[in-house]
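Counting starts at 1 for both ligands and their atoms, following the listed order.
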Amino acid sequence: MRVVLQTTWNTTAAWRAELLRQAPDLDVRVWPEIGDPAEIDAVLCWQPPPDLFAGMRNLRLIQILGAGVDGLLRAHPRLPPVPVARLVDPVMSQRMAEYCLYATLRFHRQFDLYERQLAQAKWERHQHPDPAEIGVGVMGLGAIGSAVVRLLRQLGYNVAAWTRSPHPEAEVPVFVGEEGLPAFLARTRILICLLPLTPETASILDRRLFEQLPRGSWLVNAARGEHLVVPHLLAALETGRLEGAMLDVFAHEPLPKSSPLWRHPKVFVTPHAAGITNPRTATAVIVAQLRRLERGEPLAHLVDPARGY
Ligand code: GLV
């Protein structure tokens, strides 16, 4: 099987080595040195350039090397008519869940406040409620959202989810669609955004939404920067509607040094590091997918480009 590997990361060589270690029979061609494009069966890509698929007339699979496909769909509004799959790596979902757990503990146990006290050598203890009294609201119940829900629930948090479509199998209350949003927000103290980025979800974290949260809530965004309207976040922090935010993703990455988010005392910024794709574990998932393609079996984690995830 002939595959093209394209990433914007500085770890492309490591990816290639890992692919060949786990599947020595693969012919892995690193973009742009791909030889005859008509020979290519599958493309493994992250933030692909516009001409990536040119001449690939025998292409059978586009496999994204990350969880979100928004970058691909934005760069290629008219994709070749082949299956598109996102990466669902349980190890990555676990890393994301750890990030959200850290954020939840940070706010629930007030480590953000203790950090501020530390700067003043101030010895002052604060009571905190039981986890069961903290409403955690997870937006998005895909592979990552489900892992987050599971972990936080195990620790006793009062978790609910908000999604576009009903999830009867979910272990927690699920609020659905526009109608479910007000009740979901009203019971949420820590709001965690893990939504796919689509035209419907862009700028969803805005003033209107913040106003429906209880006063003194916290925001965690580990999805995409475009979900958040930054001036509305700053205003909500100013009025006390929001007590703090932990942000991993930004509309412009790297986040410019001039961004007020870096210096805001109630904002904790991380550099899109919540769930960095791990070439070793992700390659195992990808090789399993390529084997399915080889055997003509149904492919896993397919995306509906029209829906956007
Ligand atoms: C990273 O943000 C991803 O989509 O995997």
Original post:
Quick one: side-chain contact (heavy atoms from CB on, under 4.5 Å) partners of Glu169, sequence neighbours excluded?
Top reply: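 Listed in chain order: His167.
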Under 3.5 Å, N or O to N or O, is [X] touching ligand 1 that way?
X: Arg224; value: yes
X: Gly66; value: no
X: Trp46; value: no

**OP:** Take the angle between the ring planes of His76 and Phe53 and call it parallel below 30°, perpendicular above 60°, tilted in between.
**Re:** perpendicular
Original post:
How are the rings of His108 and His128 set to each other: parallel, tilted or perpendicular (split at 30° and 60°)?
Top reply: perpendicular
**OP:** Determine whether any heavy atom of Arg86 lies closer than 4.0 Å to an atom of ligand 1.
**Re:**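 Contact absent.
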Original post:
Cationic tip of Arg207 within the cone over Phe210's six-membered ring, i.e. under 6.0 Å and within 45° of the normal?
Top reply: no
Original post:
Will you find, in the side chains of His272 and Glu253, an N or O donor that is under 3.5 Å from an N or O acceptor?
Top reply: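 Judged by distance alone, the side chains do pair up.
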Original post:
What residue and heavy atom of the protein are closest to atom 1 (C) of ligand 1, and at what distance?
Top reply: His272 NE2, 3.5 Å
**OP:** Identify the protein heavy atom lying closest to atom 3 (C) of ligand 1, giving its residue, its atom name and the separation to 0.1 Å.
**Re:** Ala67 N, 3.2 Å
Subject >> Qualifying salt bridge (Lys or Arg N to Asp or Glu O under 4.0 Å) pairs, either residue in residues 257-285, two or more places apart >> reply: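 Output for this query lists Glu243-Lys266.
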Original post:
Numbering the atoms of ligand 1 from 1, which are under 4.0 Å from a heavy atom of Met92?
Top reply: 5 (O)
